[in-house]
Asks: 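Following this message is one structure expressed as structure tokens.
Reckoned from all heavy atoms, side chains included, excluding hydrogens, waters and symmetry mates.
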Amino acid sequence: MQTGINAGFGVVIWLGLWLIGVPASGLWGIVAMLMRYVPYVGSIAAAILPVVLAAAVDPGWSMMAATVGLFVVAEPIAGHIIEPVLFGKSTGITPLAIVVSATFWTLLWGPVGLILATPLTVCLVVLGRHIKALEFFDLLMGDAPALRREQTFYQRALVGDSEEVLEQAEAFLKDHSLSVYYDEVVLEALRLAQTDASRGTLEDHELGRIVDAVNDIIDELGDREDRKPELKTDSVPASPSPPGPADNAETDLPVFVAEDLAPSWRSDAPILCVTGPSPLDEAAGAILAQLLGKHGLRARVVAFGKQDLAVGSGGVRLVCISHVSGGPRPIRLRIMLRRLQRQLPKIPILVGLWAQERDGESLDRLKDAVGADHLATTLRQAVEFALTEAQNGERSRPPVDISRPALQMTK
């Protein structure tokens, strides 16, 4: 990186001196490149001979002044703008940290400090990323965002800034599929919102803003396929992502058309997404319904406690419960499932606990406790289960027609 910058500096000096009219401009460009490896005084030393030569060959002072001006302008741009930006991207520290650290270590140790400034700063940032007590080094000098992706989403949604939320989504979706974005950003943000709501620190109007932001995202991404974008071979590797949940496996899930589905799965809405009592539950249910639709499975979202659960002329093949609020409550969930099972006998029920920690052993225990056919903590898991059920549609249990407003479900 240093060689590239110095070579560029030498080319600029060469062209500048050639335009000014200084003899042997190519030679002085090479000298400027080599001398710039000498910290502190290299550029000054490289300027001496061209300046003296310009003063000797020009009867006036214009050539000399232009030569001095060339070095005075070129060196600060290379040393204080280009180097910090490029070194910051390649080392994981901010350009400002590069400048400040170079100043500090130079004042402390002179030219040796200037040479060691960037390596020492990188070492401090790495220590800050892995040692809790030194975390402040990473916060002060690291180039990772101060907030994780889901925290940024939550913060922007909380103030009703849907435009910035969409910008963040577009940037994330350049490298990830839609289901991974929903799982790793939106659902995590809803978990943060639910935590604050449970503490009583989230007002109703603030909760409404978050739900509105999620609905805006659902509308804006309605035409996007749930596929991982093709990698570009000429793309520049991005800086490390901030700490956050691990990315899901991004193998593309199949997309069904009507001919791929069993006849009983070709109804208007063979999947019923039943949401919990919170608006956040409804938002998560709407996301799940959208993802199911992108894979050829129609779904309808209804709130638990509503009596109008008609789904048109067809029957229900699968029930998906969307639950963000309150964390896992086996007794409440078991009651909810029993009511659904009485109204929809022999229909498989998937419980989506979007606020549940993804611990396999505890999930198995919770699944047995609530009596669900399947339990998911991510939207992708829920979609995979629905696709499996659809593929095995002919052997699955018969559909139940709930076109009659007969379900009596209460909170």
Asks: Give, for atom CD1 of I44 and atom CE of M35, the distance between the pair rounded to the nearest 0.5 Å.
Replies: 10.0 Å
Asks: Kindly give the heavy-atom pair with the smallest separation between C320 and L288, and that separation in Å.
Replies: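 The answer is CB-CD2, 3.9 Å.
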Asks: Side chain to side chain donor-acceptor pair (under 3.5 Å): which pairs involve residues 158-171, sequence neighbours left out?
Replies: R156-D161, S162-D216, E170-R224
Asks: Measure the CZ-CD distance between R191 and Q194 for me, rounded to the nearest 0.5 Å.
Replies: 11.0 Å
Asks: Any chance you could lay out the side chain to side chain contact (heavy atoms under 4.5 Å, CB included) test for V57 and M63, step after step, and finish with the verdict?
Replies: CA-CA 9 Å; V57 299; M63 184 178 292; 3.5 Å; yes
Asks: Do the side chains of E389 and P348 get nearer than 4.5 Å, heavy atoms only?
Replies: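 Yes - at least one pair of side-chain heavy atoms lies under 4.5 Å apart.
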Asks: Starting at OG of S101, measure out to CG of L124 and round the result to the nearest 0.5 Å.
Replies: 9.0 Å
Asks: Compare every heavy atom of A74 with every heavy atom of I13, then report the nearest pair and how far apart it is.
Replies: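 Shortest heavy-atom contact: CD1-CB, 4.2 Å.
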Asks: Taking all heavy atoms of A46 and all of F71, pick out the closest pair and write down the distance.
Replies: O-CZ, 3.9 Å
Asks: Do you see a donor-acceptor pair shorter than 3.5 Å between the side chains of Q290 and Y182?
Replies: yes
Asks: Can you see which heavy atom on L178 is nearest to which on L173, and at what distance?
Replies: CA-CD2, 3.7 Å
Asks: Just how far is it from atom CG of L379 to atom CD of E184, taken to the nearest 0.5 Å?
Replies: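 If we round to the nearest 0.5 Å, L379:CG and E184:CD are 11.0 Å apart.
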Asks: Heavy atoms, side chains only, cut-off 4.5 Å: are I271 and V316 in contact?
Replies: no
Asks: Does R209 use its side chain to pair, donor to acceptor, with the backbone of L158 at less than 3.5 Å?
Replies: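 Judged by distance alone, yes, a pair lies under 3.5 Å.
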Asks: The criterion is side-chain contact (heavy atoms from CB on, under 4.5 Å); which residues satisfy it with A171, sequence neighbours excluded?
Replies: none
Asks: Of the non-hydrogen atoms in P23 and L53, which two are nearest, and what is the gap between them?
Replies: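 That closest heavy-atom pairing would be O-CD2, 3.6 Å.
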Asks: Is there side-chain contact between E135 and I131, with at least one heavy-atom pair below 4.5 Å?
Replies: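 A side-chain contact is absent here, since even the closest heavy-atom pair is not under 4.5 Å.
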Asks: Can you tell me which residue pairs pass the side chain to side chain donor-acceptor pair (under 3.5 Å) test with a partner in residues 44-68, sequence neighbours excluded?
Replies: D58-S62
Asks: Output every pair passing salt bridge (Lys or Arg N to Asp or Glu O under 4.0 Å) with a member in residues 192-208, not counting sequence neighbours, ordered by first then second residue.
Replies: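 Applying salt bridge (Lys or Arg N to Asp or Glu O under 4.0 Å) to every pair that reaches into residues 192-208, excluding sequence neighbours, yields D196-R199.
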Asks: I'd like to know whether R148 forms a salt bridge (Lys or Arg N to Asp or Glu O under 4.0 Å) with E188, so could you lay out the CA-CA distance, the side-chain angles of the two residues, the decisive distance to 0.1 Å, and finally the verdict.
Replies: CA-CA 10 Å; R148 296 194 298 268; E188 293 296 326; over 6 Å; no
Asks: Side chains of R227 and S177: is there a donor and an acceptor less than 3.5 Å apart?
Replies: no
Asks: Scan for ring pair (Phe, Tyr, Trp, His ring centres under 6.0 Å) pairs involving residues 94-121, sequence neighbours excluded, and state none if there are none.
Replies: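 Found W105-W109.
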Asks: For S278 and E282, which I'm curious about, is there any donor-acceptor pair between the side chains at under 3.5 Å?
Replies: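 Per modelled atom types, S278 and E282 side chains form no pair under 3.5 Å.
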Asks: Does a side-chain heavy-atom distance below 4.5 Å link L292 with R298?
Replies: no
Asks: How about L187 and E150: do any of their side-chain heavy atoms sit closer than 4.5 Å?
Replies: no
Asks: Given the rule in the side chain to side chain contact (heavy atoms under 4.5 Å, CB included) test, do V185 and V180 qualify, once you have shown the distances and angles that lead to the verdict?
Replies: CA-CA 8 Å; V185 179; V180 171; over 6 Å; no
Asks: Among residues at least two apart in sequence or on other chains, which ones pass ring pair (Phe, Tyr, Trp, His ring centres under 6.0 Å) with F385?
Replies: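 F385 satisfies ring pair (Phe, Tyr, Trp, His ring centres under 6.0 Å) with H374 once adjacent residues are dropped.
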Asks: Please test L202 against I210 for side chain to side chain contact (heavy atoms under 4.5 Å, CB included), starting from the C-alpha separation and ending with a verdict.
Replies: CA-CA 10 Å; L202 199 62; I210 296 171; 4.0 Å; yes
Asks: Which heavy-atom pair separates P279 from V211 by the least distance, and what is that distance?
Replies: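 Looks like CB-CG2, 3.8 Å.
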Asks: Mind checking whether L127 and F137 have side chains closer than 4.5 Å, heavy atoms only?
Replies: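 Side-chain contact under 4.5 Å: no.
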Asks: For the backbone of T3 and the side chain of N6, can you confirm whether one donor and one acceptor N or O come within less than 3.5 Å of each other?
Replies: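 No; zero donor-acceptor contacts below 3.5 Å.
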Asks: Quick one, R317 and I347 - any side-chain contact, counting heavy atoms below 4.5 Å?
Replies: no
Asks: Picking from T275, L350, L340, L353, what satisfies side-chain contact (heavy atoms from CB on, under 4.5 Å) with I321?
Replies: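 The passing option is L340.
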Asks: CG/L318 to SG/C273 distance, rounded to the nearest 0.5 angstrom?
Replies: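 Between L318 CG and C273 SG, I get 8.0 Å after rounding to 0.5 Å.
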Asks: Does K294 reach the main-chain N or O of G222 with its side chain, forming a donor-acceptor pair under 3.5 Å?
Replies: yes
Asks: Test side chain to side chain contact (heavy atoms under 4.5 Å, CB included) on V214 and V165; report intermediate values, then the result.
Replies: CA-CA 9 Å; V214 174; V165 168; over 6 Å; no
Asks: Can you tell me if S322 and W354 form a side-chain donor-acceptor pair at under 3.5 Å?
Replies: yes
Asks: In Å, rounded to the nearest 0.5 Å, how long is the span from OG of S25 to CD1 of I30?
Replies: 10.0 Å
Asks: Side-chain contact test, heavy atoms from C-beta onward, threshold under 4.5 Å: evaluate it for L221 versus Y181 and give yes or no.
Replies: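 They are in side-chain contact.
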Asks: Donor-acceptor pair, distance only, cut-off 3.5 Å: does the side chain of D183 make one with the backbone of R380?
Replies: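 Flag set: sc D183 to bb R380 pair under 3.5 Å.
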